[in-house]
There are 2 protein chains.
Amino acid sequence: MTVEFKHQPTVTLAEVADAAGVGESTVSRVLRNYGSFSEKTRDRVMAAVERLGYVPNRIAGTLASTGSRLVAFVIPSLSNIVFPDVLRGASAILEESGYQAVFSVTDYDSQREEALAAAMLAWRPAAVMLAGYEHTDGTLKILRASGCRIVELLDLDGAALDLAVGFSNLAAGRVSAEFLLRRGYRRIGYVGHDLNRDTRAGKRFSGFCATLGAGDAPLADREILAGASSVENGRLGLERLLARTPDLDAVYFSNDDMALGGYFHCLARGISIPSQLAIFGYNGLDIGRAMPQPLSTIRTPRVATGKIAAQLVVTNAPPQVVDLGFELIEGATA
Amino acid sequence: MTVEFKHQPTVTLAEVADAAGVGESTVSRVLRNYGSFSEKTRDRVMAAVERLGYVPNRIAGTLASTGSRLVAFVIPSLSNIVFPDVLRGASAILEESGYQAVFSVTDYDSQREEALAAAMLAWRPAAVMLAGYEHTDGTLKILRASGCRIVELLDLDGAALDLAVGFSNLAAGRVSAEFLLRRGYRRIGYVGHDLNRDTRAGKRFSGFCATLGAGDAPLADREILAGASSVENGRLGLERLLARTPDLDAVYFSNDDMALGGYFHCLARGISIPSQLAIFGYNGLDIGRAMPQPLSTIRTPRVATGKIAAQLVVTNAPPQVVDLGFELIEGATA
DNA sequence: ATGAAAGCGCTAACAC
DNA sequence: GTGTTAGCGCTTTCAT
């Protein structure tokens, strides 16, 4: 028998069927372990798969079955550790269920979010995961029209489109303020990054200020830095804030990175914490626990948010809002 | 039991063609702006697209054209900031070229890497991006058989399969050791995380030790922690190392996170830096610059690695190795 | 400049 | 238990 050399870059299911001496649908059934087939057939098919090094084409499979196992993430940033954490939680669940994570980064720009959401939809994902509730009308329209599951993450202060997983940023801000008031601080300032883009940080700030006001200790001063949140901006922000308002007794930072920067500023200037100045963060990063004085902060369920969100999608759960809450960490800096 | 999500009826290209009163191929040409068509036809098609809210199905498009615009990342971790940084650099380039990033996380497990690489290949990506050169034989086999571009990232100490972008970890370790020797340190220790899994950290450590040995100041002691790299592990590691070998004059950490932990340990114990103990890291994170004493470290081109890798893929560059180098940062901690 | 028709590789009915 | 066949929604010749 003469075997002709075929320059075929990829093996197809049809070739496996030929090699195994069975029909295509049988191979498909065996590979998906669905429907019925004999032990013997299964072995023959698997042998052929092995021999030919067959890798199923999920593009074709998805098209044929009109149900994709792609989950699209449209996230603001990969620099803010929050989002890698969410992705991490989600991808663990997705991978074990045969789903595939796809992502793009909006850079906190809602126009980009709209464009990227549209681009994502072209892949006909099973679900689209987004940060928060603030989306353009265009984004909302195409999402609703898409018919795929929509998951809004890390924000519960608003109305969910379909699924929502996270916690209330407004409440996180309130709890932070209550804590500082309870500890007796009255001259309280704020150092944060761009609130217009990071709307969740904006909601925390609102909740924080509202509670301070109600507690008869309205926000004494604030310093909002233009760029993204970072340790350096935190340091710079506190420096500016104290230059302007030296008599503050506590500062609330938009997150732990910023707070760490503030901590470094105090270290460098010999400002003792918390006696001269208290510092409070947000996120509950591991780094806060390793500081000489553990950082007082709010621990957020970032990985859990990703996990639960993925689980809801994978199990095709009905529309719902899942509040994972957050935890106050009474460290040593406030 | 997972439930496959079914999409609600979506608008197809055929419906757009009908609505516009043209053939399917004409719609396709207009949408991809390829081939020739009249102004008038273009307007009619675009009007119909708009009216029906048509979103092209890239699954179908990819299947028909046998050329995907998916780029698959198989990365060890999302907790180690290195990989989000690489993804960030890459996704910026990929998005503007109409490519889509897909990822999965191996958790530094080469068996998982093999399984995930295979799963990725099922999506017929244009390229697969992996960390480093250490892969199982199985991984190598399926990658080579796949016919798609392969990019190995962040490691140049080995033989590239196709494309490689990064720098030499061996050299980074050597340069770190040379620096410490040049500064006069002679009793040098090491604090690191799991070297078997993170082979790039292992290469740095090798280069470091080799240079120390050649400089007549062989590594005095080392503390390897079981878990992943973290600030807390850095702190704990330094504590243990000094308990065993108190007379060290410098410590090299497997990365900046660990080094920051060591810095915190010194702060807490009143060990003055660098006079009593010098600290040297790796990665050049922003956080190091904001420390009261800037961290002495090696800055690695993480975002650039992602960018260049993406560019090579998008432009279908010939096989090559791109050495982006790294930069010694002479901070104040060593 | 445009349309008809043949796939891309698979899944899902439906026969047998 | 297994094979046959008709699509999934597009791209791509190849005519016209």
Side-chain angles (χ1 to χ4, degrees), chain A residues 6 8-45 48-49 52-70 98 121-125 146-147, chain B residues 4-45 48-49 52-70 98 121-126 146-147:
Chain A
K6 294 163 85 179
Q8 288 210 318
T10 56
V11 183
T12 68
L13 183 141
E15 295 175 272
V16 174
D18 273 3
V22 300
E24 293 187 34
S25 50
T26 300
V27 176
S28 177
R29 279 188 288 254
V30 169
L31 257 27
R32 286 176 301 131
N33 193 32
Y34 180 83
S36 51
F37 44 83
S38 70
E39 261 314 280
K40 215 185 80 190
T41 306
R42 198 198 64 108
D43 293 345
R44 275 234 300 279
V45 168
V49 164
L52 300 177
Y54 172 65
V55 177
N57 183 332
R58 292 192 73 169
I59 296 281
T62 300
L63 182 59
S65 66
T66 66
S68 111
R69 281 179 177 255
L70 241 25
L121 254 16
W123 290 100
R124 298 295 188 271
S146 74
Chain B
E4 195 82 3
F5 180 79
K6 298 291 180 193
H7 287 280
Q8 67 182 195
T10 55
V11 182
T12 68
L13 183 142
E15 296 175 89
V16 174
D18 273 2
V22 300
E24 294 187 32
S25 48
T26 300
V27 176
S28 177
R29 278 188 288 256
V30 169
L31 257 27
R32 285 175 304 129
N33 193 31
Y34 181 82
S36 50
F37 45 82
S38 69
E39 257 322 274
K40 215 185 79 189
T41 304
R42 198 197 63 108
D43 293 344
R44 275 234 301 278
V45 169
V49 165
L52 299 177
Y54 172 66
V55 177
N57 184 331
R58 293 192 74 167
I59 297 281
T62 300
L63 181 60
S65 67
T66 66
S68 108
R69 282 180 176 256
L70 241 24
L121 255 15
W123 291 100
R124 298 294 188 271
S146 73

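Please read all numbers here as calculations on a predicted model, not as lab measurements. Any value given below was found using the heavy atoms of this structure, including those in side chains, with hydrogens, waters and symmetry copies removed.
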Could you check whether any side-chain N or O of Ser65(B) sits under 3.5 Å from a backbone N or O of Gly61(B), counting only pairs where one atom can act as donor and the other as acceptor?
yes

Do side-chain atoms of Arg58(A) reach the backbone of Trp123(B) as a donor and acceptor pair under 3.5 angstrom?
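Flag not set: sc Arg58(A) to bb Trp123(B) has no pair under 3.5 Å.
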
The side chain of [X] is closest to which nucleotide in this list: [options]?
| X | options | answer |
| --- | --- | --- |
| Val22(A) | dG7(D), dA1(C), dG3(D) | dG3(D) |
| Leu13(A) | dT12(D), dC10(C), dA12(C) | dC10(C) |
| Arg32(B) | dA12(C), dC8(C), dT11(D) | dT11(D) |
| Ser38(A) | dC10(C), dG1(D), dG9(D) | dG1(D) |
| Thr41(A) | dA1(C), dT2(D), dG3(C) | dT2(D) |
| Thr26(B) | dA1(C), dG3(C), dC10(D) | dG3(C) |

How long is the line joining [atom1] of [X] and [atom2] of [N], in whole Å?
| X | N | atom1 | atom2 | value |
| --- | --- | --- | --- | --- |
| Leu63(A) | dT11(D) | CG | P | 12 Å |
| Asn33(B) | dA1(C) | CG | C1' | 15 Å |
| Phe37(B) | dT2(C) | CZ | C1' | 12 Å |
| Glu24(B) | dT13(D) | CD | P | 17 Å |
| Arg58(B) | dC8(C) | CZ | P | 21 Å |
| Arg69(B) | dC10(D) | CZ | C1' | 15 Å |
| Arg124(A) | dT11(C) | CZ | C1' | 18 Å |
| Glu15(B) | dG9(D) | CD | P | 9 Å |

On the nucleotide dC10(D), are OP1 or OP2 found under 4.0 Å from the side-chain N or O atoms that Ser28(B) carries? no

Identify whether any heavy atom of [X] sits under 4.0 Å from a base atom; if not, whether one sits that close to sugar-phosphate; answer base, sugar-phosphate or nothing.
| X | result |
| --- | --- |
| Gly67(B) | nothing |
| Ser65(B) | sugar-phosphate |
| Tyr34(A) | nothing |

With a 4.5 Å limit on heavy-atom distance, are the side chains of Thr41(A) and Val22(A) in contact? yes

- Arg124(A) vs Leu63(A) side-chain heavy atoms within contact, under 4.5 Å: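 Sidechains of Leu63(A) and Arg124(A): no contact.
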
- prompt: Side-chain donor or acceptor of Ser25(A) under 3.5 Å from a matching atom on the base of dT4(D)?
  reply: yes

Donor-acceptor pair (no angle test) under 3.5 Å: Arg29(A) side chain, dG3(D) base: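 Such a pair exists between side chain and base.
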
Nearest heavy-atom contact between Pro125(B) and Ser68(B) is CA-OG, 3.5 Å

